[in-house]
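Okay, structure first, notes after.
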There are 2 protein chains.
Amino acid sequence: MTKSPQSSSGGAQLLDRAVILLDLVADGGVNGVTLKDLTARSGLNTATCHRILNTLVGHKLLARDDKKRCYRLGARMAIYGARAARGPGIISRCEVALTRIRRRTGDTIHLMARLNHDSVCLDRRDGECVVPTLTGSIGGSVPLGVGPGSIAMLAFLDEDEQEFIIRANIERYAAYRDLTADKVRRLIAETRDRGYAIDVGELIPGIAGVSVPIFSDGVTPNASLGFTILSAKLTPGTLEQYAMILREEIAAIVDQ
Amino acid sequence: MTKSPQSSSGGAQLLDRAVILLDLVADGGVNGVTLKDLTARSGLNTATCHRILNTLVGHKLLARDDKKRCYRLGARMAIYGARAARGPGIISRCEVALTRIRRRTGDTIHLMARLNHDSVCLDRRDGECVVPTLTGSIGGSVPLGVGPGSIAMLAFLDEDEQEFIIRANIERYAAYRDLTADKVRRLIAETRDRGYAIDVGELIPGIAGVSVPIFSDGVTPNASLGFTILSAKLTPGTLEQYAMILREEIAAIVDQ
DNA sequence: TCATAAAATCTCACATTATGAAAAACAACT
DNA sequence: AGTTGTTTTTCATAATGTGAGATTTTATGA
């Protein structure tokens, strides 16, 4: 959980709790999350947890894998998602931009968003040459702090929140080559100065990336737009040039 | 609302109500839905409604357009959706199939799912020649009963539920050329006999379609896979042949 | 195979939480 | 400025959700 808007407590405890659980399940990923995990992480009483989960499953917001006795996001969630993507949110606003950038450069590009401690891929266009990316296809995610797409967002949050997230993710960084909390902090500092995030083969050898944050509401960096390119294709100035392209497109998106 | 699993009443009234509202907002579409609408359609007390909506907005499951004073699906919904699409649900299971069919035939193909009284486009691959479709891009929807993609699902529901849905949609049919409830009933009967749904230029002149239902749980037709083709490209037997292709792919998807 | 542990599910008395009528604040017309 | 319709807040009331524990089901080991 983020420390932030938990316990909105406008008189809807049950709903707040349901959202906590939805979040935990969403974070749980492809493997699914078990009841025990959920009670532990949410701090909720087992019975309460169970009751809420059952209801959510009943409404198909969650699905239950009876075999593995665990919970995942449900069919209705996927449908809602498809509908939401159509509304006047980031995804549909970026759709044109993505396609246009793809045509202009021929490179792989993706739209990332923040969900709790993770950075989730919302949309992407594959480039002419297939490059391995951190997140894989739409819906894939990495811990915030990993990769330029996520650093671009992280770097422009309040320092408190940054620290909170880094702390929460600290053990997960180990899975990404020689990434550490301190390195993340250094990358953040550089990114703030530069205005955009870059990575030159530090996470996946031979693969570089540039990402620019999107301040959808003018204040909070809730999303980012970024390239993934083969380091081999880099010439001096390529990254700067790509950052400019992203900036332009984002500017066009943000002011309506 | 569907008569079905409303009021699950396992001791989570508030959650049930929240889902009702989420559904209404999702149905409301691109224009957004106002509080008044929501209270009217849900039958909930204004204060209760307002409280729930506020909480949902707080969690970004819904978003509020302060200007137009109405509610839409929120950013978090889109993110959940992206994640859900990645799990072992219909979407990811159909992904390969979609791409393969697209390569085999070169035609436009889409995956539809049922949401209340509507049929929503979950995924699609565009064909070599651009054809106009009823639903447009991902997230687009039509009332159940309109178009082969939705008839394919509707036809294999219980008769009671069919009638319920047709009644609910009856006024909306008028927007689609000369479609009427009776015509929908006739199409359903034909589809049941045939095993798949077809349309030859009756909804959009010059555009034909074939769709086969997917019984993801073995019983309920929760989704469908279908082609949209130019009538001009039709030769005798094309539709049958396409239906076979769909059947094959669906068979492969359903048993694991 | 049976015994043991662990996790999931159910039950029910209790009080915290959610409810909705009504009033207040706010917009939108005329 | 007056009037109407919509949104937001308040608060006493009770219905809803809570969670400790009992029970059942499933997993693990000997």
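Quick caveat, the model's predicted, so the values are computed rather than measured. Throughout, a chain's letter reflects where its sequence line sits, starting with A, and its residues are numbered from 1.
Between A:Asp37 and B:Ile52, the residue anchored nearer the 5' end of DNA chain C, judged by the nucleotide with its closest heavy atom, is A:Asp37.
When the C1' atom of C:dT9 is taken as reference, atom CG of A:Leu53 falls 12 Å away, rounded to whole Å. In this structure, A:Lys67 places its NZ atom 13 Å from P of D:dT26, rounding to the nearest Å. The nearest whole Å value for the distance from the NZ atom in A:Lys36 to the P atom in C:dT9 is 15 Å. Rounded to an integer number of Å, the gap from A:Asp65 CG to C:dA8 P is 13 Å. Rounding to whole angstrom units, CG of residue A:Asp66 and P of D:dT26 are separated by 10 Å. D:dT18 atom C1' lies 10 Å from atom CG of A:Leu14, rounded to whole Å. The distance from atom CG of B:Leu56 to atom C1' of C:dA18 is 15 Å, rounded to the nearest whole Å. The distance between atom CG of A:Leu44 and atom P of D:dG19, rounded to the nearest whole Å, is 8 Å.
For A:Asp23 and A:Arg41, the salt-bridge test fails: no basic side-chain N is under 4.0 Å from an acidic carboxylate O. In summary, A:Asp65 and A:Lys67 do not engage in a salt bridge, as defined by a charged side-chain N under 4.0 Å from a carboxylate O.
OP1 or OP2 of D:dT18 lies within a sub-4.0 Å distance of a side-chain N or O belonging to A:Gln13. At D:dT10, none of the side-chain N or O atoms of B:Arg51 fall inside 4.0 Å of OP1 or OP2 (strictly under the cut-off). Within the 4.0 Å cut-off from OP1 or OP2 of C:dG20, at least one side-chain nitrogen or oxygen of B:Arg17 is found. Side-chain N/O atoms of A:Thr34 include one lying less than 4.0 angstrom from OP1 or OP2 on C:dA8. Checking the phosphate oxygens (OP1, OP2) of C:dT9, a side-chain nitrogen or oxygen of A:Arg64 falls inside 4.0 Å. Considering only side-chain N and O atoms, B:His50 lies nowhere under 4.0 angstrom from the phosphate OP1 or OP2 of D:dT7. For D:dA20, one of the phosphate oxygens OP1 or OP2 lies less than 4.0 angstrom from a side-chain nitrogen or oxygen of A:Asn45.
Listed nucleotides: C:dT9, D:dT9, D:dT26. Nearest to the side chain of A:Leu35: C:dT9.
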**OP:** Could you check A:Val212 against A:Leu225 for side chain to side chain contact (heavy atoms under 4.5 Å, CB included), going step by step and ending with a plain yes or no?
**Re:** CA-CA 6 Å; A:Val212 176; A:Leu225 211 54; 5.6 Å; no

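Base engagement by A:Thr46 is indicated by at least one non-hydrogen atom pair under 4.0 Å involving a base atom.
For the 3.5 Å distance criterion, the side chains of B:Ser216 and B:Arg93 fail to qualify, holding no donor opposite an acceptor. The closest side-chain donor-acceptor pair between B:Thr220 and B:Asp217 falls under 3.5 angstrom.
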